[in-house]
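Note sheet for the following structure.
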Amino acid sequence: LLHGNKAFVVNGGRADLTVVFAQVDAGRGWDGIGAFVLACPDGRAPDGLRAGERHRLLGLETVHAAELHLDGVFVPDDDRLRPRDNISAALGRLFARAALVNAARQVGLARAAYEYALGYTQERHAFGKPVAHFQAIAFTLADMHMDVESARWMVWRAAAAVDKAGDGGHAAAARLVAEAAVHANEAAWRVADNGVQLLGGAGYIQDFPVEKWLRDTKALSLFAPTDQLQQLAAASESLGHPLEAAWPSSAIQPIFT
Ligand SMILES: Cc1cc2nc3c(=O)[nH]c(=O)nc-3n(C[C@H](O)[C@H](O)[C@H](O)COP(=O)(O)OP(=O)(O)OC[C@H]3O[C@@H](n4cnc5c(N)ncnc54)[C@H](O)[C@@H]3O)c2cc1C
């Protein structure tokens, strides 16, 4: 029986399948987490599962995110997911891949903002020439491109390391994943911010897409694991010992739909 509440669930209350990570053995930390599949065919939720109001978001307006309330939801044993090895290793693999997918989205967003600003600043003339030909603008465009390229290469390098590590060795790639994820978040924020700046007033109005990318990149940078946790993971590798090991609480853990 699952009990608990979870906020910010993408497609919460709408998805046909929902995977709930819940702690079943508090003494075993990450290894005490179970993964349970809840089927909601045609929107029919099992007894005890209820979706709350849709969250109103700063960006990503098309994303339906809502709270889920679980009050004694029965899950048959057959609907418990059992990894080949152990749940903490499976969670490590899951979060590494999820972090890289999200980082790749940030690279795409940053590229879009850079390319838009590059085009706009060549077309927009002020004081007799394209604004891109003013040094301050040109230098910013160069910085934006470096952010896009460095983020892309770090994501590719980390993804290759995860593939190479295979099922058992994702920990070997943990630092590359953490650093790629944080850098992609920070780079995308800088590029989107510069995109708004280089468009001037046009950057701030909704007739142009750059203000949306600025709002969306912040939302993406809050998907789990957050920058702070990734930075702890990266620094732990550098220092050679774990920092503030994150220990799951008895509350419901992430939910994926
Ligand atoms: C648009 C959107 C969609 C989402 N979709 C989903 C989804 O589908 N499924 C799902 O399960 N979740 C989803 N989330 C939730 C997301 O995973 C959490 O918001 C995220 O994990 C952070 O948790 P929190 O909000 O509880 O922050 P908190 O845990 O309250 O953290 C607050 C701040 O403290 C920092 N912090 C927390 N712990 C530590 C620590 N040990 N050391 C240092 N710093 C720390 C955090 O990084 C953050 O800056 C979504 C969130 C958003 C914004």
Side-chain angles (χ1 to χ4, degrees), residues 2-24 29-30 33-40 45 49-70 73 75 81 87-88 90-106 108-109 174-175 177-186 188-189 192 212-239 241-257:
L2 296 175
H3 297 273
N5 300 308
K6 177 70 179 80
F8 315 117
V9 180
V10 170
N11 290 325
R14 288 178 146 197
D16 290 340
L17 282 180
T18 297
V19 181
V20 179
F21 294 87
Q23 200 167 52
V24 290
W30 291 104
I33 288 176
F36 304 91
V37 179
L38 307 183
C40 310
L49 177 65
R50 184 173 59 82
E53 289 290 301
R54 179 177 180 171
H55 297 299
R56 291 186 298 143
L57 307 176
L58 173 67
L60 298 183
E61 291 103 322
T62 53
V63 167
H64 178 101
E67 195 162 313
L68 281 186
H69 306 281
L70 299 94
V73 180
V75 188
L81 298 176
I87 189 80
S88 55
L91 285 170
R93 291 193 292 270
L94 171 68
F95 280 125
R97 284 174 168 73
L100 288 178
V101 167
N102 202 56
R105 288 186 188 124
Q106 294 281 39
L109 184 152
R175 171 156 53 179
V177 171
E179 290 175 351
V182 174
H183 182 64
N185 285 339
E186 293 179 348
W189 174 261
K212 172 180 158 39
W213 290 324
L214 184 63
R215 291 183 288 111
D216 287 353
T217 186
K218 180 47 71 182
L220 291 174
S221 76
L222 293 171
F223 280 23
T226 58
D227 283 357
Q228 286 78 9
L229 295 181
Q230 296 283 27
Q231 284 165 320
L232 279 176
S236 298
E237 291 289 324
S238 303
L239 294 167
H241 71 90
L243 288 167
E244 298 177 41
W247 196 249
S249 72
S250 59
I252 292 268
Q253 302 295 323
I255 295 183
F256 295 98
T257 54

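In this text, all values refer to a predicted model and were calculated from it rather than measured experimentally. One-based numbering, in listed order, for ligands and for the atoms of each.
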Legend entry - Region of Leu232 engaging ligand 1 - heavy atom pairs below 4.0 Å: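 For Leu232, only side-chain atoms sit under 4.0 Å from ligand 1.
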Legend entry - N or O contact, Val10 vs ligand 1, cut-off under 3.5 Å: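 Yes; the residue has a nitrogen or oxygen that sits under 3.5 Å from a nitrogen or oxygen of the ligand.
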Legend entry - Contact (N/O only, under 3.5 Å) between Phe8 and ligand 1: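 Between Phe8 and ligand 1 (N or O atoms, distance only) the closest approach is under 3.5 Å.
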Inset, instruction - Give a yes/no verdict on whether any heavy atom in Gln231 is under 4.0 Å from an atom of ligand 1. - result: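 It does not; every heavy atom stays at 4.0 Å or beyond.
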Legend entry - Sub-4.0 Å heavy-atom approach of Leu229 to ligand 1: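 In this structure, Leu229 qualifies as a contact of ligand 1 - some heavy atom is under 4.0 Å.
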Legend entry - Side-chain heavy-atom pair Phe21, Leu91 within 4.5 angstrom cut-off: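 Yes, side chains in contact.
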Legend entry - Non-hydrogen side-chain atoms of Leu70 and Leu38 separated by less than 4.5 Å: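 When only atoms from C-beta onward are counted, Leu38 and Leu70 do touch, with a gap below 4.5 Å.
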Legend entry - Polar side-chain atom of Thr226 near backbone of Leu222 as donor-acceptor pair, under 3.5 Å: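 A pair under 3.5 Å: no.
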Inset, instruction - Would you confirm whether Arg54, through its side chain, and Val63, through its main-chain N or O, come within 3.5 Å as a donor-acceptor pair? - result: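 Yes: the side chain of Arg54 pairs with the backbone of Val63.
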Legend entry - Those atoms of ligand 1 less than 4.0 Å from some heavy atom in Leu222: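 Checking each atom against Leu222, I get 16 (C), 18 (C), 19 (O), 20 (C), 53 (C).
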Legend entry - Lys6: numbered ligand 1 atoms lying under 4.0 Å from its heavy atoms: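 In order of number, 10 (C), 11 (O), 12 (N), 15 (C).
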Legend entry - Distance (rounded to the nearest 0.5 Å) between Leu60 CG and Leu220 CG: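 Answer rounded to 0.5 Å: 5.0 Å.
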Inset, instruction - Say whether His69 and Asn5, considering side chains only, have a donor N or O and an acceptor N or O under 3.5 Å apart. - result: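 There is such a pair (donor and acceptor under 3.5 Å, judged by atom type) between the side chains of His69 and Asn5.
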